[in-house]
Structure formats: structure tokens, C-alpha cells
4 protein chains.
Amino acid sequence: MQISRFSEIAQDFPVVFFDSYGVLRNHNGLIPGAIECVEQMRARGIHVRVLTNNAARSPVAAAARLAYYGLPGIPAEEVITSGATTRHFLEQKIRSGKVAYLGTPAAAEYIISAGLEAVPVAEVDFDKLDEIKGFAFLDDEGYDLNKDINRTINLLRQRLVPVVVANTDLLYPVDKENVALATGSIARLVEYVLGRQFAKFGKPASQMFQMGLDSVAQFFPEVSPKDILMVGDTLHTDILGGNSFGVTTALVLSGNTRADSVDLEVRTSGIIPDFVCNSIGE
Amino acid sequence: MQISRFSEIAQDFPVVFFDSYGVLRNHNGLIPGAIECVEQMRARGIHVRVLTNNAARSPVAAAARLAYYGLPGIPAEEVITSGATTRHFLEQKIRSGKVAYLGTPAAAEYIISAGLEAVPVAEVDFDKLDEIKGFAFLDDEGYDLNKDINRTINLLRQRLVPVVVANTDLLYPVDKENVALATGSIARLVEYVLGRQFAKFGKPASQMFQMGLDSVAQFFPEVSPKDILMVGDTLHTDILGGNSFGVTTALVLSGNTRADSVDLEVRTSGIIPDFVCNSIGE
Amino acid sequence: MQISRFSEIAQDFPVVFFDSYGVLRNHNGLIPGAIECVEQMRARGIHVRVLTNNAARSPVAAAARLAYYGLPGIPAEEVITSGATTRHFLEQKIRSGKVAYLGTPAAAEYIISAGLEAVPVAEVDFDKLDEIKGFAFLDDEGYDLNKDINRTINLLRQRLVPVVVANTDLLYPVDKENVALATGSIARLVEYVLGRQFAKFGKPASQMFQMGLDSVAQFFPEVSPKDILMVGDTLHTDILGGNSFGVTTALVLSGNTRADSVDLEVRTSGIIPDFVCNSIGE
Amino acid sequence: MQISRFSEIAQDFPVVFFDSYGVLRNHNGLIPGAIECVEQMRARGIHVRVLTNNAARSPVAAAARLAYYGLPGIPAEEVITSGATTRHFLEQKIRSGKVAYLGTPAAAEYIISAGLEAVPVAEVDFDKLDEIKGFAFLDDEGYDLNKDINRTINLLRQRLVPVVVANTDLLYPVDKENVALATGSIARLVEYVLGRQFAKFGKPASQMFQMGLDSVAQFFPEVSPKDILMVGDTLHTDILGGNSFGVTTALVLSGNTRADSVDLEVRTSGIIPDFVCNSIGE
């Protein structure tokens, strides 16, 4: 596909949504040129938001993480996590009580901040299952897959409660060659063996795009999808979700999608970004 | 599951979203009590919207249809169709040119009103495929499945363009015993044989819920999902979509879901409505 | 992948199974060199069988078809069709009565030769559904998809009987550019909307490989899978099925799989042929 | 569905295939009447085989297990395991070298007895991946899911080799209420995240039925599927596989399928046993 210069296409949009991992930073650290890219947008008055499929840390921690990697000036208010959309769901659908979860204590904050009690699957009392009012797949760490996946399956077979998946990513990169199972894969496995369908958050689902739009609307009331450029490195999340929400989409080749396979992946998936760029630094 | 009286639960919500077929009317005509139900809501100042997975007719035609069946006072402005969310997508993602489609001429209005040229698949010139800028699955009628499904597959194999599915319903009821393939099934088949993933509209996708929310916000600016009751007859569209969007959900047993199987369907699907009612007339 | 000369690898096997379309012939007619290839095998005393995912014609008609295209000396006894494995199933599982089907009258012979009465879906009397003892997806022609697909769905919703799919192919080539829906796609769609799983025949299922083995065993009693080379043009049927049955597999590039995409298709599918050849004529 | 007495239907068949867990024994130990049932068959000269989706132990160990639970007289020669069909595949498709696996050392015997070197995934040297000639999913125990599932995914992304799944069961019962993930679920997850399709063994695949038929044919040369009754407790493995292979099938309600849900499971799955019995002891 034709490669566009990111700086040239971005300047036409009053609002830019960035995915985080693979776009702003990757396993090598910050993407070269990321700082200048964001500074130029600030200078132009472009509204910036970061949309990250992540329920492992809070927006505050996610912003701190970007600062740690050397990207300054992304306040927590400009970071939209899939955890935040998940908390919204929990607030609406589960009024009170205990929510069992798979994830880290940090991820459990999304349950606690919804006014609910978070119980790790490993600590669920199967003699008092009726206390459990919901279940959340939050993160791929913080538990023992050997034991807790079976505890999860048995809990959900015996107790019918709302189940939420905070992140539908299947894999995430851990270094140049290797990947690891993400929350979405664990949830998908449980859906498959139980024959069920859970409520899912994170791109490509549209809740995060809407939350980003609402966040910008506080400062730019008449904002609509046509004002927004979504920048991501993954066809099935950033680009499919952005296309479905009706925003313009730019695929960058600094993360999951590689230059030597982008044509093929687009052709076989049928998910078509409006633009393809090497990275946000070019 | 416990059966609630609809009139009692509805009065607690300032906004009610109704699915149309199976909720307001079914193959027997209007649901008994539907007129009184809507009148009471008007009297109470409840904001009413109809969310229908339908790209076969315009909101005006859909409202007229309800009036024809005897339900007065649902103006077109209060009807949200999946066709309308599809048109929104086409406007954003395809700036100009021809869009090939499967559906009726009435359904094609959603393409034309997006400022695009609508071409039935049967009339696509395969020698000028580069004129085709997009493809839309609009309706299950208006074409010859024997020929046009293969034309669609070959068009999409040879031409890489955005594809939109205006309605993900798999089946719809045609009478008490029988069903027919809906647009979603045709699109799913093409996705399956091509190994692709199309942009999809209609419940359970959230665009219609958002469009309903935005429509109410003109009159009730501070409206949020917690103010809304979604009333539907189908677990996988109305209830899953409503739950994911964070609104309260009520399943009625006057359509797709029958009283003698509701417990089982909820248990096996894991999709849990907040309330179950026999119909909106009780 | 490395390209081998077919003549060199074939000579090491006492038994060779050929797929038909894409291997012996394609839309251009007979594969150049096919006649010499088969003659050489005869001269060497190699046992030849043709395994074709086809329930549209009888082994006699399939053999005649090959002769018509110029390939002599493939007697009907050496042709194994997926229709034959389907008939075997019908004989075993449905002792008597009417079997409804989608397909041509020629395909229906497989039902009739099993001692059963074949009824086209279009002619099923829905007031006497209890007469229907089974259902068969036989072919992609011989019926009106617009009407008969819905009749099939409604029949199977109202009547619980064994269902058989005579051919799991999804698509078949009709000319150099174009494909058409095969029986497997129609059956898959019905499985999907009904949430059911039908009994399936044709490669990659192993019944045809076993029938081929049994057929050879009449003349070569100690034959085992290690004696057999399966030659096919499709990874998901010929090669996956052959690998699972434990025979050696050779992929030819004269049909569904093209030279410019074979590496990628093997890598992405994970289905690995033991050999890759341009065609049986080289 | 109508409940038949097992003793009455079994007497009509010269050959009976039993699934093991849920049919001969369950979490309570031996099924009441199992000993008498098998003794009567011996007395009648009925050929008995046990077909078990199990690659965790050898036929010898599986027979010993049955004897341990109090069922005498099932020699190892009459036990067909999915591990045995897997070994057959490995022998045919991987001539020599190292095969990486997930499972216990006992399961690895199926690799070793195929003349290959078995390497647990945890011990694979990623700097010498080209030594790995194949991969086997053997068992759900013997490894650390937290680490080894990711090692498996990365190995298979970097090294293209034949992959075999020794058992497609998704879950197995561990006690009256609880289940645990079986090998098939782990393999399915890896297939899903990699978008691949592995060679699969164990019911419903037909290799075990064929191996059972071949085993009986040594003593009863003219045996054919119509002579065989397959007895199982699981619709998707025993009954679907038996139906597809063309044998008569009997579902027993002493294992996975419960009396209070059998009608529904048959109706929703469309997998129809020829007979339903409470247990082999009645």
C-alpha cells in the first residue's frame, strides 16, 4: 500500500486518538520522533487522546508510564483505558456486592472504584457462591493459570452472573520475537468451553472511542467522528474499531503490523486503513 | 426467572428504548396493550425511542409502519434504524463514488442519502470494478441469491473496498412457526468463505444505542446510560447490546424468546437481562 | 517451499490417490502431461485411485467425465466420491423412509441407492414432516436458494433427524478468476444459524481415505497408509485430510493453491504438505 | 427421549465399543452393573473394545486402571487410545528427530514409541529450533501453563512443523460438580490465536473407530460398521463420531450428559443417538 508521511496527514485533523503500545512506544522504548510529534500537535492545538486496551493500570499509572518512557505532557485525563469502560459497565450493571476477577490487584482497582468488592478467583469461597454478583477478566497476570482458569470455569458453570472482559486483545509482544497471551485469549477460551458470550470492552468495541469523543467534547463541543484520526498498529482493534466508529484511520508499522506483510494482512482481513505510515515520527 | 410487570419497572426510567418487531408488534400485529403503554409514557414525560435492526426502510417508513399497525405518535425522529448508523459509516469512510449493495431499492436510499451512487450487485460491471468504492449488505430481499451471492463473493475477492453490514440479525420470524434468513446470515457466510471481517451495524453493536442517546440528549442534555431502559425480545441483540452499552435491560417474551425456554437460553448464553416481562402490555 | 518433480516422488509409492479437479483437470481442461503420468503409473503397476469431493455425480459419471476430458483408463471402480461415503452413512443410520435433500436429481441417486426415498426440499410436505427421516446437503445446484434455504432451516427447526453433508468444500472455481459457493458453504450457513453440527463427508474427513484404502486392499491386502501418496491442490481438504490419515501428501500448484501464495498459505494455515510440485505433468 | 434397556439393545450387536470414563466408570468408581455387563458380552462372544480419548497413559496402563477399579478382563489389546492414533500419525509424518510436547512423561511414551525424541516444551532450546521436527498436544498435565503455553505459541510462530492434538476433549469431570480443561481446549486456544488448524485425533475423528474396526477384523474378518454399537456419554465425541463412522450409537446418562438435559442437548446440537440408556448396568 502507499505509505504516507504521518506529519502530513495528521495536520488535517483537530483531534487525534493514539493507541499506546506499538504507536507511541514499543519494546525498544519510545518511538523515535514521538516527542516532537506530540509537541507539534500541542502547538497546533490538536486535541490528543490515548486509547489503550489495558485494564492492568489506571489512567494515572498509564500516563506516568508514558512519562517514564520519556513522553511528557500526556495528563491522565487524556488517557482512555479499556479498564475505564469496564468500570463504567460494572457501575451500571452491578449495583453492589462481590465481583470475582482474574488479574492483578492494580487491575482490581477498576472494580473497587466502581463501589464493588473485588475478590481474586483464587480466594472465592465456593460454599458462598451466591455472594458473587459478577465476574471480570482484567489482566493476564496476577494469578496461577494452572489452578485459576479451572476455578473460573467452575465458578461460571455454577453461578450465573454478568461477565465482563476488560480487553479483547489476544496476544501482546514481549520482545522483538516473542508474544504472550493477553486477557482476551483467556476470556475467549472460557467463552468457547462454556458456549457463552461475554460483554467485551476495549477496541474494536466502540465504548472507548465514544469515551474519547465525550472527553474531547468538553473542550470542543461540536466534535464529531469526521474530526478524528485514529492512529494504531493493529488492524483488528485500532483500525476495525475506528472504521466502525466512523473516524479516519491510520495504520503505523512500528508495532504489530510489519511492512513486509501489511499488504497481505489488509487484503486477507478486509480491514482497510485510510492511511498507512511507517511511524508517527515520520 | 422471575417475571416482572413492565408497567412497574418502566416508570423508574426517564428514557425507554424499544425494539420494534417482537416488542411493539409481532406476526399477530400490535402487541395487546402497546398503545396504552406508550400513551402512559408520554403522559409521564418519558423519552421514547425505537431502535430497530432494519435497513430495509427509512425511519419515516418505519414510523409509518407502526402507525399502520395502529401505534400512533411515534414520529420518525424517534426511530433509530441500523440503516441510519450504516449511512453514517458510509458518509465518513467513502467520500464519493459507487457503492455496490445487496438489498432493495428502498434500502439503497441509505447509500444515496450518504451522497453516494448505489449499484445493485446484479448490475455491477466487472470490467470496471475500480469504480466500486464500497460494498453494503443492506437487506435479505431485492436480489436473486442464486446469482448475486456468487457475484458478491467474486467482487470482494477482486476488489478490496470497505464493506458494511447494515444488520447482523441472522434470522427473522415470518409467522408463528417459520423464520427466514436475515442480512446478517448472508454477510456472515461471505465473511466465512473469504476469511474476512466486515464493519457491522445494528444491535448488539453500540452505534444505535449511542445514536439513541444523542437523540434524547437534545431534549435531556444530562442523559446517561443509567437513565435508559432497553426493552427487547432477543438476548443476542437487544440485551447483549444494552448490557454492553451499560443501560438497564428488560427482556419481553412476546417475540423471539419464549417463556418455556427463557431460563435455558439465559443460562446457556450467559446473557442476563436485568428484568424479564411477559410483554410491554402487562 | 522447495518444488519437487512429481514424476520423481510418485515412483516411490505403490499407491497414489489423486484429487480430480485442480489435479487431473482444471478450467482449461486436462492438465498437460496427465495422460502420460497415469500411463506411467499403470506401467509401473502403481495402484491409482481418484478421491473427489463430489456428490453431484456417480463414480460412473465421474469416470466418464475424466474420459470425456481425455483421460482414459480410470474405471469407475477406481473413483471414490464423497457421495459414496454419504450413501454409506445413509445406509447405516437411516433404515427406511424419506430423506429430504438439497441438490440435483443426479445427486439424489446416492439417497435412492441407499434404499431410501429422496424428496427435494421444495417438495417436502410440511404437514407430514414426520415422514422425513433424514436430510442431505448434496450439491450446490438443482434448487432455488431464495426459497429452499429457508425451507431447509424451517424443516430442521421443526424436525429432528440425522443430517449429512456430502461435501464440505466451501467454494469451487468456475473459471480463471471466479468461484462459486459449494455445498459445504450452504451447510455451514445452516449449521451456524441453527447452532448445530452435522455429520460431514468428503476430504478432509477420513472416510474417503479409508474407502480408498479398502478398495486397494482387495488387490494389495497388506496396504497401509505409509504406502500411499495423496496428491491434491487444496491445503484444507486434500493435504489436511491426508496428513491426518497418515499418508504422504503432495500439493500441486495447478488448482486452488497458486505458486505466488503457497509459502504464505502453508505458513498461515500450518497445514504442511510433504512435497510441493507444479503439476502432475512435471 | 425414550429410554432403552442397555442389555436388550446390546445383545443385537456382535461388536460393542465402549467409551471409558462416564460409561464403564465415573467419579464414583465403577458403574454399577459394569462387571456383569461385560461378563455377559464375553459369554455371548461379543467383541468388546474400549475407545478412550486419552493420551495420558498407554493401553496397558489404561487396562490396568480399569482392572484397578474392579473391571477385570479388558486386556490392553482391546483398549484403543487417542494416543495410539497419534503415535501412528507421528510414525507416518515425522520420520526422525525431536518432537516438542505438552504433557506428562507417560504421555511422551507415544512419541518415543514412534521412534522419535520427546522434548518437553519447557526444555526446548530456542536457539536450536530447527532441531524440532514436530509438536504434540498430549495431556493437560505435566507442565506449567503460565510459562509453557506462551513458549508453545512462540515456538509455533517461529518454527513451521506438523502439529498433532492427541485428544480434542475440551473439559473433563473431576468430581460431581467440577470440571477441568482438557488437552483439546489448550490446543484450540493455540489454534485460535495463531489462526491455524492442527491434525486432531480422538473421537469424534474417525481414526479410533477405524483402529477399533481393524482390531476386531483380526478375529471377525467380515466385520463392518453395521455390526458395531458405540456406547458413550458425550454427544460431541462418542455419538457424533460414531454416527459419522456409520455405526449404531447408544448414549448413556452416567457421565457428561444428564437425564434432565438430554432432550435439550440432542435438540440443540442436532447430534442424535440411535438409543439412549440410563447406564450399561441396566
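Sequence lines set the chain letters: A, B, ... in the order given, protein chains first and strands last, and positions in each chain run from 1.
- Looking at every heavy atom in both residues, I272(A) comes nearest to V161(B) through CD1-C, 3.2 Å.
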D274(B) vs K93(A), side chain to side chain contact (heavy atoms under 4.5 Å, CB included): CA-CA, chis, key distance, verdict: CA-CA 8 Å; D274(B) 295 296; K93(A) 301 299 293 184; 2.3 Å; yes
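- At a 4.5 Å heavy-atom cutoff, F209(B) makes no contact with chain A through either its backbone or its side chain.
- No other option in K200(B), K226(B), H236(B) has as many heavy-atom pairs under 4.5 Å with chain A as K226(B).
- Residue R95(A) touches chain B through its side chain alone, counting heavy-atom pairs closer than 4.5 Å.
- No side-chain heavy atom of R196(A) sits under 4.5 Å from any side-chain heavy atom of T268(B).
- E222(A) CD: more than 12 foreign heavy atoms inside a 6.0 Å radius.
- Looking at S269(B), the atoms closer than 4.5 Å to chain A (heavy atoms on both sides) all sit in the backbone: N, CA, C or O.
- Within the 4.5 angstrom heavy-atom criterion, atoms from both the backbone and the side chain of T248(A) approach chain B.
- Within the 4.5 angstrom heavy-atom criterion, no atom of L156(B) approaches chain A.
- Inter-residue side-chain proximity for Q197(B) and L235(A) is flagged as unmet; no heavy-atom pair is nearer than 4.5 Å.
- At a threshold of 4.5 Å between non-hydrogen side-chain atoms, the residues F198(B) and I271(A) do not count as touching.
- Interface remark: T249(B) contributes backbone and side-chain atoms alike to the contact with chain A (heavy atom separation under 4.5 Å).
- The shortest distance between side-chain heavy atoms of S206(B) and Q210(A) does not fall below 4.5 Å.
- Heavy atoms closer than 4.5 Å to chain A are found in the side chain of L240(B), but not in its backbone.
- Of all non-hydrogen atoms in H88(B) and P225(A), the two that sit nearest each other are NE2-CG, 3.8 Å.
- Within the 4.5 Å cutoff, the side chain of Q92(A) has no heavy atoms near those of the V247(B) side chain.
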